[in-house]
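Beneath this line is the structure, given in structure tokens, with notes to follow.
The figures here come from the full heavy-atom set of this structure, side chains too, leaving out hydrogens, waters and symmetry mates. Letters A, B, ... mirror the listed sequences (proteins, then strands); counts begin at 1.
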Amino acid sequence: MPQDSDRTLPNRVPTNGQLLSMFERMLTIRRFEERLGEDFHAGKLPGGVHLYIGQEAVAVGVCAHLDDRDRITSTHRGHGHFIAKGGDPKPMVAEIYGKRDGICGGMGGSMHVADVSKGILGANGIVAGGIPIAAGAALAAQLDGNGRVVVCFFGDGAANEGVLMESMNIAALWQLPLIFVCEHNGFSEFSPSDTVTAGEIRERARPFGMPAELVDGNDLVAVWRAADTAVDRARTGQGPSFIEAATYRIRGHLEAEAHFLSRSYRSEEEVERWRRNDPIDRLSGHLLSSEICSEAEISAIEAKIGEAVEEAAAFAEASDLPDADRAPALMFAGGPAEAA
Amino acid sequence: MARKRLIQAINDALHEEMARDPKVILFGEDVEISMFGDTAGLHERFGPDRVRNTPISEASLTGMAVGAATSGYRVVLHMMFANFIYTGFDAIANQMAKLRLMTGGQIELPITIVAGYGGGRSTAAQHSDTPYPLLMNLGGLNVAVPATPRDAKGLMKTAIRGRDPTVFLEAGGRGGESGEVPDEEYLTPFGEAAVGREGTDVTIVAIGSMVRPAMRAAKQLDGQGISAEVLDCRTLVPLDEDGILRSVAKTGRLVVVDEARDRCSAASHIAAVVAERGFASLAAPIRRLTVPDTAMPYAPAAEKHLLPNPEKIVVAVSALMAGSAN
């Protein structure tokens with residue numbers, strides 16, 4: 001991939017400890033989302049869910065380079081980004097249950113999970129909606145001048161929204177500390193990418209002078225390394241980068257789709273092919289074959305996550321509903337402005 | 001006191017607020033050269049970090065305002081003509097107006113969107129638009145529509161210091177109206193209509209650029225023995241419902257003058273509020289003077305024909321008085 005040769009870029013690989021911790025994070029996302037899928041089909045969730053299953057390496061490999069001061073914007077498929085960035089899955093699940101103890105008090109739901117204290121500016125129901133918000137947060141980070149960076153996650157569908165072009169132009173023009181992460185998961189909702197997208201998405205960044213890289217989005221280490229370089233650039237004032245992560249959406253656009261679609265938009269063989277390329281299986285295979293951890297350790301991680309999932313679901317079920325009349329008071333922070 | 005044009009008063013407010021709080025930043029298309037004059041001198045005084053020209057990219061700019069506001073900045077986004085709000089409407093409607101609710105109150109969005117609105121200057125259909133009814137309906141935005149230089153300055157300062165997004169619409173054609181502006185520091189509160197003129201026979205509620213024709217009409221009506229009270233809304237969100245109802249309780253009659261298109265206009269909302277909450281006070285039907293449901297034409301005669309003016313207001317009020325006297 002073309003990168004400016006005059007820049008000193010890191011060429012690091014994750015440590016074994018980092019790999020193990022990222023594995024746990026990816027598995028956490030997977031197991032929580034599997035549970036949410038089950039809960040949806042069991043009729044326990046008031047709204048729909050868009051699951052991230054199969055894409056976990058992207059969120060985790062990128063967010064591993066971020067801390068709470070850094071900010072991300074996400075998509076309608078946002079649970080993975082939320083957990084990867086350090087969001088607590090327990091109030092996230094309660095949010096998706098529409099409960100008072102939800103991270104947004106039950107006011108946002110699955111498509112709007114956010115924890116600003118963790119730098120998670122929110123999932124978003126508008127395709128590409130998070131991109132300019134991230135650019136604005138990156139402008140703020142640049143003005144603060146303290147090395148904070150911002151990552152916007154979006155899909156190949158969002159790449160066809162004009163606001164991406166506008167935001168790339170501004171980010172490059174102002175050299176904002178912003179990393180564009182396009183998760184090319186194969187579909188714009190129900191339309192296969194090649195039926196709606198011309199050319200290569202990462203190529204759209206290059207005319208702005210932005211380094212752009214294609215990575216195997218199901219290879220955690222590849223994502224981690226690309227993000228390492230891009231985050232380093234942003235932190236050191238070298239401007240924005242673009243990462244296109246090739247991955248695949250194993251589940252549907254949303255869990256309810258089988259109930260209303262009259263036909264399938266992809267073949268079972270295709271899905272199966274990608275299941276065999278599962279990012280978590282690939283990573284666990286690597287962890288075991290490189291003797292970074294044992295089967296027993298992986299089972300222990302599984303058990304721990306299983307308990308956390310049960311605990312979160314119980315917490316969400318037990319939580320009260322929000323006050324029915326809470327919404328109006330949340331529209332404004334406070335009538336008139338503060339006194340001088 | 002000093003006599004200033006509306007646009008100069010806004011410029012003063014921006015200078016004062018940027019000097020007061022280093023977290024206030026301002027960006028937009030051509031804000032450095034300042035087409036209207038409201039942002040003049042800011043770039044030179046506060047530098048390119050805090051005041052900068054942007055590309056013509058409204059869809060991104062409105063979203064960027066949200067992003068910067070969630071990160072501790074007070075953002076003034078200048079959108080030039082109000083119809084460019086439509087170009088950047090996604091982030092206004094889908095993010096700015098809703099994000100606080102969606103996050104369960106985790107964030108505050110101190111954003112002031114500034115734009116010039118309205119007809120009367122042959123800027124043709126697109127650049128003459130009056131978008132506040134649409135903005136009022138979003139629910140999560142304050143909407144300020146100053147009529148006088150004094151209020152323009154005070155409302156701008158209130159907007160910038162606020163904790164929520166405000167769309168600040170300037171009826172700033174040719175610099176806007178002139179008027180007295182106090183020398184000392186002051187803030188104009190949101191949600192308090194100003195009494196432009198006291199009266200006892202009829203309440204004329206006017207919005208933004210319609211305040212001046214309403215005042216002129218009131219003067220003419222006075223000559224006919226009709227005492228008209230003129231209320232200037234100043235902000236449409238929040239709306240001073242109580243102030244309007246108090247006035248109508250005194251006069252028994254209401255005429256609302258609004259430059260927006262008739263259907264779902266601000267006048268329609270005000271009329272509905274009074275019909276619901278003040279019906280018992282009414283001695284005559286409520287009358288709305290608005291622009292017909294049409295785009296604004298270019299030719300001055302055709303444009304003038306559509307806009308409310310003092311003569312139309314006088315005719316409407318006189319008819320109302322005659323009708324209710326029966």
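Most heavy-atom pairs under 4.5 Å with chain A: of the set B/Val66, B/Asp49, B/Thr166, this distinction falls to B/Asp49. Between chain A and the options B/Ser60, B/Gly104, B/Ala68, heavy-atom pairs under 4.5 Å are most frequent for B/Ser60. Across A/Gly106, A/Ala137, A/Gly105, A/Gly108, the residue that shares the most heavy-atom pairs under 4.5 angstrom with chain B is A/Ala137.
For B/Pro238, no part lies near chain A; criterion is any non-hydrogen pair under 4.5 Å. Contacts of B/Thr54 with chain A are made by both backbone and side-chain atoms, with heavy-atom separations under 4.5 Å. Contact of B/Leu138 with chain A is made through the backbone alone, with heavy-atom distances under 4.5 Å. Proximity to chain B involves both the backbone and the side chain of A/Leu143, based on heavy atoms less than 4.5 angstrom apart. No part of B/Ala69 comes within reach of chain A, as not one of its non-hydrogen atoms sits under 4.5 angstrom from that chain. Within the 4.5 angstrom heavy-atom criterion, no atom of A/Ala134 approaches chain B. Looking at A/Leu173, the atoms closer than 4.5 Å to chain B (heavy atoms on both sides) all sit in the side chain, from C-beta outward. For A/Gln142, the part lying under 4.5 angstrom from a heavy atom of chain B is the side chain only. Both the backbone and the side chain of B/Leu101 have a heavy atom closer than 4.5 Å to some heavy atom of chain A.
Between the side chain of A/Arg71 and the main chain of B/Thr70, a donor-acceptor pair closer than 3.5 Å is present. Judged by distance alone, the side chain of B/Gln106 and the main-chain N or O of A/Cys104 form no donor-acceptor pair under 3.5 Å. A donor-acceptor distance shorter than 3.5 angstrom exists from the side chain of B/Asp164 to the backbone of A/Ala333, with no hydrogens or angles considered.
Checking B/Gln95 against A/Asn124 by side-chain atom types alone, a donor-acceptor pair falls below 3.5 Å.
Put simply, CG on B/Leu141 and CE on A/Met331 are 8.0 Å apart, with the number rounded to the nearest 0.5 Å.
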